Amino acid sequence: MSVITTVKEQISREIKNSLEKARNEGKLSYVDLPDYVIETPREKAHGDFATNVALLLSKEAKMPPRAIAQLIAENYENNGKLIEKIDVAGPGFINFYLNNERMYEALPVVIKEDGNYGRSSFGKGEKVQVEFVSANPTGLLHMGNARGAALGDTLSNLLAAAGYEVTREFYINDAGNQIENFGKSLEARYLELLGQEVSFPEEGYHGEDIIITVKNIIDEVGAKYLNMDEKLRREFLIQKALTEKINAIKSDLARFGVEYDVWFSEQSLHDSGAINKTLQELKERDYIYEKEGALWFKTTLFGEEKDEVIVRSNGLPTYFAADIAYHMNKFERGFQKVINIWGADHHGHVARMKGAMGALGYEPERLQVILMQLVRLFSGDEAVRMSKRSGQYITLSELIDEVGKDAARYFFVMRSSDSHLDFDLDLAKEESSENPVYYVQYAHARINSILKAFSHDMPAVKEVDFRLLQEDAELELIKKIAALPEEITGAAVSMEPHRMTRYAHELASLFHSFYNSCRVLTDDDELKKARILLVDAVRITLRNVLGLLGVSAPERM
RNA sequence: GCGCCCGUAGCUCAGUGGAUAGAGCACUGGCCUCCGGAGCCAGGUGCGUAGGUUCGAUUCCUACCGGGCGUACCA
C-alpha cells in the first residue's frame with residue numbers, strides 16, 4: 001500500500017474517532033457521517049491533505065462548519081506524530097500538514113520495487129476484457145483507429161498495473177455486408193488489372209491499397225480466376241485479401257507497441273451457431289417479433305425511438321445480432337467487466353447493446369463503453385479527409401513513419417477521449433521542444449546522465465539520510481513520486497488514461513525545477529547520496545509511467 | 001425534429017460541488033565559469049448565454065445559442 005493511501009486512511013480514522021468523541025461529550029450531534037473526502041489540496045498553503053467533512057456535516061449537526069472543524073482539530077489524536085500541524089481554514093476546511101519524516105518513507109519503497117513501483121493489487125485479479133480498434137479488415141488503419149489503439153492499450157496497461165487480469169481483444173469484422181462489398185471491389189480490380197472493362201461498384205472500396213493487394217494476388221495465381229464462377233472467384237479473392245489485410249493490421253499495431261491476446265472472428269459466430277443460439281434465447285424471452293419479413297428486436301424497451309432489425313428479410317442477421325452474440329460470448333468466458341472503445345459515431349449503439357445484455361440476464365453495467373470522439377486531421381490549416389471509400393487517408397503506418405511511435409502514442413492519449421482531437425501533422429512532425437513527449441523523455445535522459453557522472457556504486461538505502469532533503473523542490477518531488485500508485489488506480493478505475501500524460505508532465509516539470517535549484521553532485525557527500533537516490537527514484541517513476549503509456553524512456557537523446 | 005458529446009486564456013486542451021480555475025504553444029524580459037539550455041524563473045487575459053438547486057456552482061438541473069456525431073433490413 002502506498003504511503004499516501006496509508007496516511008489518508010489514518011487521517012480518516014482519526015477524524016471519525018475525533019467526531020465520536022465530541023458526540024459522546026455532547027458537543028456535537030449527528031447520526032450518519034456524510035461522504036467526505038480527504039484530498040491533496042491544489043494550493044500548497046493549504047497543507048498536504050485537506051478534508052471537507054465539517055462543511056458537509058454542518059447541516060445535520062446544525063452547527064457552523066468552522067465550529068465543527070474546530071472540534072475535530074481539538075479532539076484529533078496525533079498518533080505517531082504523523083501530522084505536523086492541523087489548521088481550520090476558509091469556510092471550514094481542515095488542513096493537515098504531514099510530518100516530512102513520513103514522506104521520506106516513500107523513497108526506499110520506490111527503489112526497492114523498481115520496475116514494479118506503481119503497481120498494486122487494487123483490482124484483486126478481477127478479469128477484465130478490453131476490446132479496441134476492431135477496424136474493418138477491408139483496409140489499413142487510419143488515425144481514428146490509431147487513437148483507439150493508443151487509448152485501449154494504455155488503459156489495458158493501467159488496469160493490469162492496478163491489479164486486474166486484462167485481456168486485450170480485437171474483433172475482426174470478417175462477415176456481413178461490407179465483406180460482400182469488399183469482394184465486389186476486389187473482383188472489379190482483379191478483372192480491371194487483367195484488361196477487362198468493368199464498372200467499379202459505386203459503394204466499393206476505392207483505396208490504392210486494394211489495388212496493390214489484388215496485384216499481389218495476380219502475381220501468385222495469375223488469370224486463373226478470370227473465367228471462373230463469380231461466387232467462387234469472390235470467395236477466393238476475399239479469403240486471400242482478408243488474410244493479407246489482417247496481417248498488415250497486426251504488424252502495424254505491433255509497430256505501435258500494441259499486442260493483442262485474442263483476435264476474435266465475427267465469422268466464427270456465424271459458423272458455430274452462436275448467433276442462432278442468441279436469437280433463440282432472445283425469442284424465448286420475448287424480445288423479438290416478426291414484421292415485414294424481418295425479425296425485430298424490441299429496443300424501444302431500452303429507450304430507443306424505434307425497434308431494431310436483427311435479422312433482415314433476406315434471412316441474414318445484422319451486425320447487431322452478431323454483436324450481441326459476441327458480447328454474450330465474452331461474459332460466458334468469465335469476464336467480470338467488459339470494456340469497449342468505440343468511435344463516437346457508434347454512440348447510438350450503446351444503449352441497445354446494454355439493453356441486450358440486460359435482456360439476456362447480464363448486469364448491463366458490466367459492459368462499459370468508452371466513446372472516443374473522432375480525430376480531425378490537419379495539415380497546417382487544411383483539414384485532411386479520412387474516408388475509406390474515397391481512399392484518401394493517412395494510415396497508422398505512415399503516421400509512425402512521420403512522427404514516430406512515441407510522439408503519436410503520447411499525443412493520442414494526452415486528450416480526454418470525449419474531446420475532439422485535432423491532430424496537426426505538421427506540428428507533430430516537428431522534433432522540437434514543442435512536443436511534450438520530448439519534455440518528459442528529456443527529464444529521463446538528464447537523470448541518466450547525472451547517474452552516469454556520479455560514477456560510484458549506488459548508495460545503499462540504509463546509509464542514506466533522506467532527512468537532508470529539505471528544499472521545497474525536493475519535498476514536492478517526493479510527494480509527486482509517492483502519488484504514483486494512486487494515480488494509476490485512479491486513472492484505471494475512471495478509465496481515463498489521459499491522466500497519466502498529465503502526471504508524467506508534472507513529474508518531469510518538478511524534476512526540471514529541482515535540477516535548476518539543487519545541485520545533485522554537490523561537495524557535501526551525505527547530501528549527494530540522498531539526492532542521488534532521490535533522482536534515481538524519479539528515474540524509476542518516469543520510466544514506469546512512460547512504460548504504461550507505451551512510450552520509450554531513452555537514456556540519451 | 002429527437003438523442004449523445006463538446007463549448008474554459010490569442011490557439012490546442014486539462015480541471016473541480018468548495019478556499020486565489022491550470023498546462024503546452026505563441027509573445028516579452030531574465031538565468032549556472034558547475035550534473036545535458038530539448039531546461040529554469042518572471043510577466044495576463046478566460047469558465048457560451050439566461051434561469052434554478054445549494055451555506056457555496058465553472059462543476060449538478062432546465063431552457064437557449066454555437067460546433068460535431070447519430071437517427072438504415074450499413075457497420
Side-chain angles (χ1 to χ4, degrees), chain A residues 37 39 41-43 45-46 50 52 55-56 58-59 64-65 89-93 95 134-136 138 173 176-181 203 266 291-296 303-306 308-320 322-323 342-351 371-374 376 378 411 414-424 427 431-443 445-454 473 496 498-499 501-502 505-506 508-509 511-523 528 531-532 535 556-557:
Chain A
V37 292
E39 55 175 10
R42 254 200 321 266
E43 292 292 324
H46 297 145
N52 60 349
L55 292 151
L56 296 175
S58 170
K59 192 171 232 171
F93 290 99
N95 296 335
S134 298
N136 275 335
T138 52
N173 298 116
N177 265 355
Q178 85 279 2
I179 292 297
E180 295 273 306
N181 204 359
E203 295 295 308
E266 176 184 354
K291 192 181 86 180
E292 294 161 4
L295 291 184
W296 297 72
E304 299 274 305
E305 281 178 36
K306 52 191 275 299
E308 200 75 17
V309 170
I310 195 163
V311 178
R312 291 188 281 256
S313 51
N314 63 10
L316 295 176
T318 61
Y319 89 106
F320 185 35
D323 233 10
W342 289 348
D345 54 341
H346 286 56
H347 74 249
H349 193 42
V350 177
L371 286 177
M372 167 186 82
Q373 295 298 318
L374 303 180
R376 292 184 295 204
F378 289 86
F411 268 73
M414 201 163 53
R415 302 275 140 80
S416 141
S417 53
D418 54 23
S419 177
H420 287 281
L421 179 66
D422 284 346
F423 203 115
D424 188 332
L427 187 70
E431 296 204 352
S432 72
S433 58
E434 286 175 27
N435 203 334
V437 67
Y438 287 146
Y439 181 83
V440 178
Q441 288 179 317
Y442 182 63
R446 219 176 196 185
I447 291 169
N448 277 279
S449 179
I450 297 170
L451 294 179
K452 212 170 152 193
F454 178 59
E496 294 173 330
H498 71 276
R499 286 202 202 175
T501 55
R502 281 194 81 66
H505 196 274
E506 284 164 3
S509 173
F511 168 73
H512 286 309
S513 293
F514 157 80
Y515 179 88
N516 271 270
S517 63
C518 301
R519 194 173 162 76
V520 177
L521 303 178
T522 154
D523 295 336
K528 176 158 64 180
R531 285 187 173 161
I532 280 289
V535 151
R556 279 190 306 276
M557 297 173 69

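Chain A is the first sequence line, chain B the second, and so forth, proteins listed ahead of strands; every chain is numbered from 1. In this text, all values refer to a predicted model and were calculated from it rather than measured experimentally.
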Closest listed nucleotide, where the reference is the side chain of A/E292 and the choices are B/G36, B/C73, B/A14: B/C73

Atom-pair distance (NE2 on A/H349; P on B/G70), nearest Å: 15 Å

Opposite nucleotide pairing with B/A23, Watson-Crick or G-U, both atom distances under 3.5 Å: B/U12

Can you check the A/H505 NE2 to B/G24 P distance for me, whole Å? 6 Å

Determine whether a donor-acceptor pair (one donor, one acceptor, N or O, separation below 3.5 Å) exists between the side chain of A/H346 and the base of B/G70. no

Who pairs with B/A50 - Watson-Crick or G-U, where each distance is under 3.5 Å: B/U62

Would A/Y439 count as stacked on B/A38 if the rule is ring centres under 5.5 Å and plane angle under 30°? no

Between B/G51 and B/A57 - C1' atom distance, rounded Å: 13 Å

Between B/A23 and B/G43, how far is it from one P atom to the other, in whole Å? 11 Å

Does B/U33 have a Watson-Crick or wobble mate here (both distances under 3.5 Å), and if so which one? none

Verify the stacking flag for A/H420 against B/G68: centroid separation must be under 5.5 angstrom and the ring planes must differ by under 30 degrees. no

Please state the P separation for the pair B/U33 and B/G46 - nearest whole angstrom. 40 Å

Quick check on A/N314: does its CG atom have over 12 non-hydrogen neighbours (other residues, nucleotides or ligands) under 6.0 Å away? yes

Spacing of the C1' atoms in B/C2 and B/G10 (rounded, Å): 37 Å

Donor-acceptor pair under 3.5 Å, A/N95 side chain vs B/A19 base: yes

A/S58 (side chain) donor-acceptor with A/L55 (main chain) under 3.5 angstrom: no

For the side chain of A/H512, counting heavy atoms from C-beta on, which of B/G39, B/C13, B/C73 is nearest? B/G39

Between A/L521 and A/E39, the residue closer to the 5' end of RNA chain B by nearest nucleotide is A/E39

Write down the distance separating the C1' atoms in B/U58 and B/U8, rounded off to the nearest Å. 8 Å

At less than 3.5 Å, do the side-chain atoms of A/N516 and the base atoms of B/G39 form a donor-acceptor pair? yes

When rounded to the nearest Å, what value does the distance between P atoms of B/C55 and B/G67 take? 38 Å

Spell out yes or no: do the side chain of A/Y438 and the base of B/A38 have one donor N/O and one acceptor N/O closer than 3.5 Å? no

Does the base of B/C35 carry an N or O that pairs as donor and acceptor with the side chain of A/S449 under 3.5 Å? no

